[in-house]
Amino acid sequence: NAGVTQTPKFQVLKTGQSMTLQCAQDMNHEYMSWYRQDPGMGLRLIHYSVGAGITDQGEVPNGYNVSRSTTEDFPLRLLSAAPSQTSVYFCASSYAPGGRTYEQYFGPGTRLTVT
Amino acid sequence: GQQLNQSPQSMFIQEGEDVSMNCTSSSIFNTWLWYKQDPGEGPVLLIALYKAGELTSNGRLTAQFGITRKDSFLNISASIPSDVGIYFCAGSARQLTFGSGTQLTVLP
């Protein structure tokens with residue numbers, strides 16, 4: 001099993017550009033999520049999904065879109081990149097029996113810089 | 001939203017010493033998780049706790065789920081150089097809420 005994979009590992013964008021961060025998992029987990037990590041602030045939830053076709057907003061959703069067309073994939077789209085979106089982005093997945101998430105497993109991260 | 005207070009923010013210890021860190025919350029959680037993050041990597045799950053009062057070990061690591069369900073601690077015994085990294089607590093109700101992390105440095 002590859003676990004949770006993310007691409008790209010590094011990305012530099014100019015303000016206003018759009019892009020998609022890819023995330024895939026091969027553990028058949030119902031729950032997938034996106035976090036951003038900024039210095040001294042831990043990880044903050046952007047969006048999450050409890051299954052294919054179902055997504056919801058987390059703590060910091062503005063400027064990001066997600067969709068979940070398959071169990072395996074959960075891409076994160078930046079609509080119009082801003083310098084405030086410079087961060088490290090992590091995708092995670094877990095089993096979610098009854099809609100409750102338990103142990104989440106993280107990908108290696110995407111380091112995004114917006115100039 | 002839910003807030004987690006993790007302390008200390010950073011620790012500098014000698015190799016062989018024991019380490020203790022903790023998290024407190026204003027809200028009740030159903031699950032407490034402890035993660036370790038190495039530089040340039042994603043967080044890796046160390047210990048998961050599911051019941052109030054539960055004490056769980058994973059090698060030199062021991063963690064407890066507080067009886068009030070609002071706190072948890074992590075102990076590392078006999079620290080070694082590879083223990084260096086950032087340790088995060090996370091509490092789960094429906095979503096995970098993370099603490100801000102404890103940066104651990106182990107001096108030889």
Side-chain angles (χ1 to χ4, degrees), chain A residues 2-10 21 23-25 27 29-51 54-61 87-111, chain B residues 1-11 21-25 27-51 54 56 58 61 63 65 69 72 74 85-104:
Chain A
V4 180
T5 58
Q6 290 183 239
T7 56
K9 195 155 178 68
F10 300 94
L21 280 63
C23 174
Q25 54 92 8
M27 298 174 282
H29 284 166
E30 303 97 328
Y31 183 95
M32 296 186 73
S33 55
W34 278 101
Y35 295 86
R36 60 178 288 172
Q37 185 176 32
D38 301 298
M41 298 189 73
L43 291 98
R44 293 183 292 168
L45 183 64
I46 304 172
H47 284 286
Y48 65 96
S49 168
V50 297
I54 307 169
T55 63
D56 208 344
Q57 295 181 350
E59 180 185 355
V60 288
S87 189
V88 182
Y89 291 85
F90 289 101
C91 179
S93 72
S94 75
Y95 289 112
R100 278 178 55 186
T101 178
Y102 290 89
E103 304 158 19
Q104 292 196 22
Y105 297 90
F106 284 80
T110 294
R111 281 147 187 79
Chain B
Q2 295 168 325
Q3 300 282 337
L4 278 189
N5 297 311
Q6 184 171 351
S7 64
Q9 277 191 313
S10 61
M11 300 183 74
M21 59 192 76
N22 69 84
C23 274
T24 59
S25 169
S27 305
I28 289 174
F29 289 117
N30 300 314
T31 304
W32 279 96
L33 306 170
W34 284 92
Y35 288 87
K36 183 189 178 208
Q37 186 177 28
D38 292 326
E41 304 291 331
V44 173
L45 184 65
L46 298 174
I47 290 180
L49 302 157
Y50 298 107
K51 293 181 186 176
E54 179 181 356
T56 296
N58 177 8
L61 277 61
F65 192 145
R69 297 170 68 189
S72 178
L74 175 71
I86 304 177
Y87 291 79
F88 289 99
C89 63
S92 177
R94 288 190 71 83
Q95 310 303 330
L96 276 191
T97 299
F98 282 82
S100 54
T102 295
Q103 173 74 61
L104 179 64

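In what follows, chains carry the letters A, B, and so on, assigned in the order in which the sequence lines appear, proteins first and then strands, with residues in each chain numbered from 1.
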TODO: Please name the pair of heavy atoms, one in B:Y35 and one in A:E103, separated by the smallest distance, quoted to 0.1 Å.
DONE: OH-C, 4.3 Å

TODO: Report the option among A:S33, A:G42, A:G107 that has the most heavy-atom pairs separated by less than 4.5 Å from atoms of chain B.
DONE: A:G42

Open item on the list: Distance alone, cut at 3.5 Å: any donor-acceptor contact between the side chains of B:Q37 and A:Q37?
Closed with: yes

Task: Exercise: identify the closest heavy-atom pair between B:G40 and A:K9 - done: O-NZ, 3.9 Å

Task: Distance, nearest 0.5 Å, that separates CG of B:L96 from OH of A:Y31 - done: 6.5 Å

Task: Which portion of A:R44 sits near chain B, non-hydrogen atoms under 4.5 angstrom - done: neither

TODO: Please collect all salt bridge (Lys or Arg N to Asp or Glu O under 4.0 Å) contacts where either partner lies in residues 28-40 of chain B, sequence neighbours excluded, each pair once.
DONE: B:K36-B:D38

Task: Under 4.5 Å from a heavy atom of chain B, the part of A:L45 involved - done: side chain

- [ ] First locate atom OG of B:S100, then atom CG of A:L43, and finally report the distance between them rounded to the nearest 0.5 Å.
- [x] 11.0 Å

Open item on the list: Just to verify, which of A:F90, A:Y35, A:Y105 counts as forming a side-chain contact (heavy atoms from CB on, under 4.5 Å) with B:P43?
Closed with: A:F90

Open item on the list: Which residues pass the salt bridge (charged side-chain N to carboxylate O under 4.0 Å, His left out) test with B:R69, not counting sequence neighbours?
Closed with: none

